[in-house]
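Chain letters run A, B, ... following the sequence lines, proteins first and then strands; every chain starts at 1. Treat the numbers as computed from the prediction; the structure is a model and nothing was measured.
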Protein chains: 2
Amino acid sequence: MNTSLQPAGLPIAAVERDTGLAKDTLRVWERRYGFPQPERDANGERVYPLAQVDKLRLLRRLIDQGLRPAKIIPLELQALTALLDEIGRPRDGGDPERSAQFTAILKFVRLHLHEDLRRSLQQLLMKLGLQRFVCEVVAPLNQLVGDAWLRGELEVPEEHLYTEQIQNILRAAIGAHPAPHSGRPVVMLTTFPEEQHALGLLMVEAAITPEGACCISLGTQTPLEDIRSAASGGRFDIVALSFSSAYPTRQAIEGLRSLRASLPEQVSLWAGGSAVHGAARKLPGITVFESIASLPAALDAWRAAAGVTQP
Amino acid sequence: MNTSLQPAGLPIAAVERDTGLAKDTLRVWERRYGFPQPERDANGERVYPLAQVDKLRLLRRLIDQGLRPAKIIPLELQALTALLDEIGRPRDGGDPERSAQFTAILKFVRLHLHEDLRRSLQQLLMKLGLQRFVCEVVAPLNQLVGDAWLRGELEVPEEHLYTEQIQNILRAAIGAHPAPHSGRPVVMLTTFPEEQHALGLLMVEAAITPEGACCISLGTQTPLEDIRSAASGGRFDIVALSFSSAYPTRQAIEGLRSLRASLPEQVSLWAGGSAVHGAARKLPGITVFESIASLPAALDAWRAAAGVTQP
DNA sequence: GTCAACATTTTGTCCAGGACAAAATATGAA
DNA sequence: TTCATATTTTGTCCTGGACAAAATGTTGAC
């Protein structure tokens with residue numbers, strides 16, 4: 001019965017699990033920056049007070065956003081939360097009714113209300129149609145969920161629940177679409193190795209399938225060499241890559257350049273997602289998407305250039 | 001372009017990711033047992049040949065099954081796979097038609113065919129009804145998937161896909177059931193902290209909701225103290241706990257005993273799942289379930305003892 | 001002004017090898 | 001058998017040094 005009250009703190013392994021910071025990192029921070037400064041138990045092992053774990057969680061989030069440890073580790077908790085607020089994207093400021101719906105959906109996610117979540121998403125899909133649903137609901141919701149995660153308002157299982165439900169809805173909607181395997185262009189969808197997020201791919205598929213494109217998804221984590229060989233077979237018009245915000249921009253750019261160089265000229269290369277936003281200038285010969293909403297226009301442009309008309 | 005061919009091997013962090021064995025463990029095995037014996041790169045850092053990583057994967061699985069490192073690390077790859085075959089549960093030997101369906105479903109899981117998977121499960125559910133579906137399809141399928149995972153025939157994403165789809169189907173079916181919040185007994189469903197598997201809970205809910213029980217799920221990972229206080233409010237007749245095979249039996253028994261002691265006498269305590277199989281003798285005052293199929297009978301027994309009739 | 005190339009600092013991960021508690025097993029008593 | 005107690009096994013923790021990759025700062029050309 002003593003197990004339930006833990007006033008002291010957490011061992012290093014638990015902190016690693018909670019914060020995502022490796023044990024080695026925790027120890028080296030202590031050595032270099034003087035924080036965290038865990039107490040020690042009877043065996044000389046580190047015991048992290050809960051307050052320090054909270055600060056570590058914030059630090060982790062901020063570093064994921066590109067800030068550097070040396071600059072933020074000395075800051076007070078208050079200054080860190082202020083920084084997080086700054087980074088949080090600007091409010092959407094759109095339709096108030098839509099905003100209320102988003103708020104409700106986020107509440108369902110937080111409370112694990114699978115059925116309510118599913119139902120409200122399904123309703124929005126019905127009302128808006130697949131394309132608008134992706135652009136006007138899924139994309140902004142992703143932002144909101146990402147923000148909430150950043151602030152620590154959501155845990156892993158909640159984020160997971162959200163992703164799974166969106167994926168289920170999109171898959172069902174795409175599957176229900178008529179004539180999935182006919183039109184042009186033929187688009188290969190995939191991600192680079194170490195990029196696991198399948199949601200971006202589904203969003204692209206959902207955005208362009210209604211336009212008559214033929215999407216073939218290779219799933220996530222396709223080795224570069226496999227992408228190259230599949231795309232060189234002459235079956236594909238476009239290779240589309242998706243990058244989540246977690247993917248290192250440098251690596252994305254390098255991989256895209258290398259892929260572009262090894263791909264036949266007549267195959268277009270499209271890239272989208274947080275990791276490549278604003279990198280268009282550095283990626284000649286590659287179409288970079290700043291928003292999911294610009295996909296249909298790009299599709300039209302491709303058709304015009306290729307002299308293919310929509311069926 | 002040189003990135004694609006990697007004849008050499010993996011760095012220690014990649015092996016940790018692939019095998020689930022901590023870096024510290026990998027190093028201490030090398031010191032103690034002489035295996036693995038990675039090569040070194042120019043910086044003196046370990047580079048694990050792929051063959052050794054394969055063996056490590058098998059070792060991990062076998063150890064998870066209760067075998068001890070010292071006994072199996074010296075064995076050849078061949079002997080290890082033989083051991084895995086031994087451990088794999090005996091074939092079901094049931095209806096050949098059913099077996100063929102299971103094989104097909106496993107294929108869908110392996111190939112990420114979400115829609116086919118969903119459709120075939122849905123068909124079985126329609127045909128059998130919720131209760132038989134859980135006992136005759138979900139339970140044996142879990143075994144098959146677990147076995148396949150043990151053999152390394154499935155990766156994490158595939159197992160995930162399976163779990164999610166089953167959960168979606170069960171949730172929808174439970175939600176569709178009439179009069180969900182009326183009958184007796186009132187059953188609280190949850191798991192202990194560090195037990196994340198929600199599927200067991202859903203299976204229980206699916207098995208007893210059609211019998212007229214009123215299920216209230218607290219979700220996974222409820223602290224013992226929270227279970228106690230919620231159950232002491234007088235609202236619940238039964239507290240049902242689910243344990244996956246990954247949960248340490250010792251911990252389950254200890255927790256259950258402690259919970260039983262702190263719970264009001266009139267509240268029954270039910271426990272099920274691989275971790276508590278065969279532990280009934282050690283858990284006086286607790287109903288231990290060896291199979292999901294025995295739940296309805298237990299429900300009847302409770303009603304008879306409590307003098308409650310099914311509506 | 002932009003951009004590339006180079007120098008410097010920051011930062012995460014790796015290493016060795018000792019130590020120890022918790023878990024698993026063996027041993028002995030009731 | 002079942003329980004309690006000794007012994008072995010095993011994973012995790014420790015320190016403090018080292019170093020490459022990433023990020024940042026600087027220089028000079030266009």
Side-chain angles (χ1 to χ4, degrees), chain A residues 3 9-17 19-35 38-48 56 59-60 62-74 194 247-254 257 275 278-284, chain B residues 3 9-17 19-36 38-48 56 59-60 62-74 247-254 275 279 281-282 284:
Chain A
T3 331
L10 305 177
I12 194 169
V15 177
E16 178 180 43
R17 242 193 302 110
T19 64
L21 295 164
K23 292 192 259 273
D24 271 329
T25 305
L26 289 168
R27 286 192 275 254
V28 91
W29 280 11
E30 183 180 339
R31 207 196 306 167
R32 287 194 188 136
Y33 311 113
F35 182 90
E39 294 154 25
R40 299 295 177 127
D41 68 6
N43 315 316
E45 306 197 344
R46 291 172 174 79
V47 176
Y48 292 83
L56 286 169
L59 289 171
R60 168 68 204 273
L62 287 166
I63 287 166
D64 281 348
Q65 291 306 303
L67 300 193
R68 318 246 13 218
K71 303 209 170 165
I72 55 175
I73 289 181
E194 304 186 27
Y247 202 87
T249 300
R250 224 191 178 85
Q251 210 170 320
I253 291 176
E254 198 178 328
R257 280 184 179 152
R281 219 165 16 84
K282 296 184 179 176
L283 292 168
Chain B
T3 332
L10 304 177
I12 193 168
V15 178
E16 178 179 43
R17 241 193 305 109
T19 64
L21 295 164
K23 293 193 258 275
D24 270 329
T25 305
L26 289 168
R27 287 193 275 253
V28 89
W29 280 11
E30 183 180 339
R31 207 195 309 165
R32 288 196 186 134
Y33 310 113
F35 181 90
E39 293 155 25
R40 300 294 177 129
D41 68 4
N43 315 316
E45 305 198 344
R46 291 173 174 79
V47 176
Y48 292 83
L56 285 169
L59 289 171
R60 168 69 203 271
L62 286 166
I63 288 166
D64 281 348
Q65 290 306 303
L67 300 192
R68 316 239 23 211
K71 303 209 170 166
I72 56 176
I73 289 181
Y247 201 86
T249 300
R250 224 188 178 84
Q251 211 171 320
I253 290 177
E254 198 178 327
R281 221 167 13 87
K282 296 184 179 176

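Listed by chain and residue number, A:Glu30 satisfy the side chain to side chain donor-acceptor pair (under 3.5 Å) test with A:Arg46 (two or more places apart in sequence, or in another chain). Among residues two or more places apart in sequence or in another chain, the side chain to side chain contact (heavy atoms under 4.5 Å, CB included) test is passed with A:Ala22 by A:Glu16, A:Thr25. For A:Glu45, the side chain to side chain contact (heavy atoms under 4.5 Å, CB included) partners at least two apart in sequence or on another chain are A:Asp41, A:Asn43. Residues meeting the side chain to side chain donor-acceptor pair (under 3.5 Å) test with A:Asp64, sequence neighbours left out: A:Arg60. With sequence neighbours excluded, the residues that form a side chain to side chain contact (heavy atoms under 4.5 Å, CB included) with A:Ile72 are A:Leu59, A:Leu62, A:Ile63, A:Leu67, A:Leu75, A:Leu80, A:Leu83. Listed by chain and residue number, A:Leu10, A:Pro11, A:Arg17 satisfy the side chain to side chain contact (heavy atoms under 4.5 Å, CB included) test with A:Ala14 (two or more places apart in sequence, or in another chain). By the ring-ring contact (aromatic ring centres under 6.0 Å, His included) test, A:Tyr48 pairs with no residue at all, sequence neighbours left out.
Axis angle across the helix from C:dG1-D:dC30 to C:dA30-D:dT1, with five pairs used at each end and values rounded to 10°: 40°.
B:Arg40 CZ: more than 12 foreign heavy atoms inside a 6.0 Å radius.
Across the interface with DNA chain D, nearest-nucleotide mapping of B:Asn43 and A:Glu16 shows A:Glu16 to be the residue nearer the 5′ end. Along DNA chain D, the nucleotide closest to A:Gly66 and the one closest to A:Arg46 are compared, and the more 5′ of them pairs with A:Arg46.
Rounded to whole angstrom, the span from the NZ atom of A:Lys23 across to the P atom of C:dT13 amounts to 13 Å.
Applying a 4.0 Å cut-off to non-hydrogen atoms, the residues of residues 24-33 of chain B that approach DNA chain D are B:Asp24, B:Thr25, B:Val28, B:Trp29, B:Arg32, B:Tyr33, listed by residue number.
In terms of heavy-atom proximity, B:Ala279 sits nearest to B:Ile253 at CB-CD1, 4.1 Å.
We find the NZ-CG distance between A:Lys23 and B:Asp24 to be 7.0 Å, quoted to the nearest 0.5 Å. Going from atom CZ of B:Phe35 over to atom CG of B:Leu26 covers 9.5 Å, rounded to the nearest 0.5 Å.
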Close N/O contacts between protein and nucleotides 1-4 of chain C (under 3.5 Å):
{"from": "C:dC3", "atom 1": "OP1", "to": "A:Arg281", "atom 2": "NH1", "distance (Å)": "2.7"}
{"from": "C:dC3", "atom 1": "OP2", "to": "A:Arg281", "atom 2": "NH1", "distance (Å)": "3.1"}

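When DNA chain D is scanned in the 5' to 3' direction for atoms under 4.0 Å from non-hydrogen atoms of chain B, the outermost contacting nucleotides are D:dT2 to D:dA20.
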